[in-house]
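What follows is a single structure, written as structure tokens, with notes after it.
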Amino acid sequence: MKLEANEQTVAEGEAASALWIVAPELCQLREERIAEPSPTDVVVRTLYSGISRGTEALVFRGLVPESEFERMRGPHMEGTFPFPVKYGYAAVGQIEAGPSHLVGKEVFALFPHQDRFVLPAEQVTVLPDTLPAQRAVLAANMETALNIVWDAGIQPGDRVAVFGAGVVGSLVAYLASRIIGTETTIVDRDPTRRELATALGLTFCEADALDGEFDVLVNATASAEALQQAIAHAGMEAKIIEASWYGDRVVPIPLGGAFHSRRLSLVSSQVGSIPAMRRARWTYARRMAKALELLFDPCLDRLISGETDFAELPAAYARILSAQDTLCHRIRY
């Protein structure tokens, strides 16, 4: 597709600024050149990006195991694990050059923290007109939550327990609770998360107070203790979804007791693959578009726990990742 004469173009070698993790718990902004766009590429000026605290903390601390170096690569990550790497996957921006029907559109892209970038047009997703760009930084988390709900196979009427009131766990519980007839409880050790759960219309339970048996249980805590609790509260032939990623940690799983007699299923969920039952009909692009649609509810703004200017990110990054009250932290460009 040819660019129209009134569209902006970008000269080869134009500079951009990106966050690089260069050593354990050390990051910096680096100037780099963006490629000359082809006629089918778009040039995106970043408006916001979101920090995915759990995954980015593992990368920042150098805890990605060597066996997972390839699988953990982000869609447009640069560098090589463990360091230096340019990492991240929740960028929202505005197209400033590209095919005429896209120029000026706000889009989401799975791209690291960088103020301008070039991608093929098919690798960005246009935001729905009514979705604020500020909230769209949650798109990657919502895509993960949607995939978890698919893997869980939650049905109307199910009793569902979601362990972990972080961003992904909260979004899983939010989606599950909207399936008619479900009884969804979100479980967390931190009693202050009750306020967040209430804002999202969810039933909250502190971990030590959980009672009863459930049809579907989701662990989104990266905690072996929560996984053990999920197994303990699983009903006959219930399904337990392990949605956490533990890096190089080895965790104990209690497979004795009633695990076998109850015929429990322990299933992993990972957003890198669409579940087999949907793979014939759903593309990654369709899944991402649906994730953006699922963000229309203004109450989801409660999952954004803070905002930092991009220029201040190197100094603030470690604090953001280590703070226990961090949910999705938004970067403003």
Side-chain angles (χ1 to χ4, degrees), residues 54 141-142 144-246 249-271 273 275-278 294 299-300 302-303 327:
N141 297 125
M142 180 60 89
T144 299
L146 177 59
N147 218 60
I148 291 168
V149 170
W150 285 346
D151 280 324
I154 299 168
Q155 298 294 315
D158 280 345
R159 295 194 72 210
V160 180
V162 179
F163 294 81
V167 178
V168 171
S170 295
L171 288 172
V172 170
Y174 172 86
L175 293 179
S177 70
R178 270 62 180 176
I179 298 172
I180 191 166
T182 59
E183 300 174 39
T184 301
T185 300
I186 190 162
V187 185
D188 202 283
R189 301 201 66 84
D190 182 356
T192 66
R193 291 291 167 93
R194 183 183 298 274
E195 183 180 352
L196 170 65
T198 300
L200 298 179
L202 302 173
T203 299
F204 178 84
C205 180
E206 290 186 45
D208 294 339
L210 187 65
D211 189 32
E213 295 183 349
F214 294 83
D215 303 294
V216 180
L217 306 98
V218 177
N219 183 28
T221 66
S223 161
E225 183 180 356
L227 177 57
Q228 293 162 9
Q229 191 177 19
I231 291 173
H233 286 278
M236 185 70 182
E237 297 195 350
K239 182 183 286 189
I240 302 153
I241 306 298
E242 180 51 86
S244 311
W245 191 69
Y246 293 87
R249 286 187 291 141
V250 177
V251 298
I253 303 174
L255 300 183
F259 183 85
H260 285 281
S261 62
R262 289 187 181 179
R263 297 173 52 85
L264 303 181
S265 298
L266 179 58
V267 179
S268 69
S269 181
Q270 209 281 334
V271 72
S273 298
M277 291 294 290
R278 293 177 177 268
L294 293 170
C299 78
L300 296 175
R302 294 295 295 270
L303 292 170
L327 293 167

In the structure I gave you, are the side-chain heavy atoms of L227 and I240 within less than 4.5 Å of one another anywhere? yes
Mark yes or no for whether T182, through its side chain, and A176, through its backbone, hold a donor-acceptor pair below 3.5 Å. yes
D211 backbone acceptor or donor facing H233 side chain under 3.5 Å: no
Crowding at CD, E225 (>12 non-hydrogen neighbours, <6.0 Å): no
Would you call R194-D188 a salt bridge at under 4.0 Å N-O? no
Using side-chain heavy atoms (C-beta onward) and a distance below 4.5 Å, is D215 in contact with V160? no
Main-chain N/O of S269 paired to N147 side chain as donor or acceptor, under 3.5 Å: no
Please assess S244 against E242 for the test side-chain hydrogen bond (donor to acceptor under 3.5 Å, both in side chains), listing each intermediate value before the final yes or no. CA-CA 6 Å; S244 311; E242 180 51 86; 2.9 Å; yes
For M142 and L175, run side chain to side chain contact (heavy atoms under 4.5 Å, CB included): C-alpha distance rounded to whole Å, both residues' side-chain angles, the deciding distance at 0.1 Å, then the answer. CA-CA 9 Å; M142 180 60 89; L175 293 179; 3.9 Å; yes
With a 6.0 Å cut-off (strictly less than), is the heavy-atom count around CE of M236, excluding the residue itself, greater than 12? yes
Run F163 and L217 through side chain to side chain contact (heavy atoms under 4.5 Å, CB included) and show every step you take. CA-CA 8 Å; F163 294 81; L217 306 98; 4.0 Å; yes
Do the side chains of Y174 and C299 get nearer than 4.5 Å, heavy atoms only? yes
Closest heavy-atom contact between A243 and V218? CB-CG1, 4.3 Å
Tell me whether the count of non-hydrogen atoms from other residues, nucleotides or ligands lying under 6.0 Å of CD in E206 goes above 12. yes
Take T221 and R189 through the side chain to side chain contact (heavy atoms under 4.5 Å, CB included) test and state the conclusion after the steps. CA-CA 10 Å; T221 66; R189 301 201 66 84; over 6 Å; no
Look at the side chain of R278 and the backbone N and O of W150, then say whether any donor-acceptor pair between them is shorter than 3.5 Å. no
Would you indicate whether R263, at its atom CZ, is surrounded by more than 12 heavy atoms from other residues, nucleotides or ligands within a distance under 6.0 Å? no
Anything under 3.5 Å between a donor and an acceptor, one on a side chain of residues 252-260, the other on a protein residue two or more places apart or in another chain? List them.
none

Got V216 and Q155 here, is their nearest side-chain heavy-atom distance under 4.5 Å? no
Under a 4.5 Å cut-off applied to non-hydrogen side-chain atoms, are R193 and L327 in contact? yes
With the side chain counted from C-beta on, respond yes when L200 and L171 share a heavy-atom pair under 4.5 Å apart, and no when they do not. no
For L202 and S170, work out which heavy atoms get closest and say how close. CD1-O, 4.0 Å
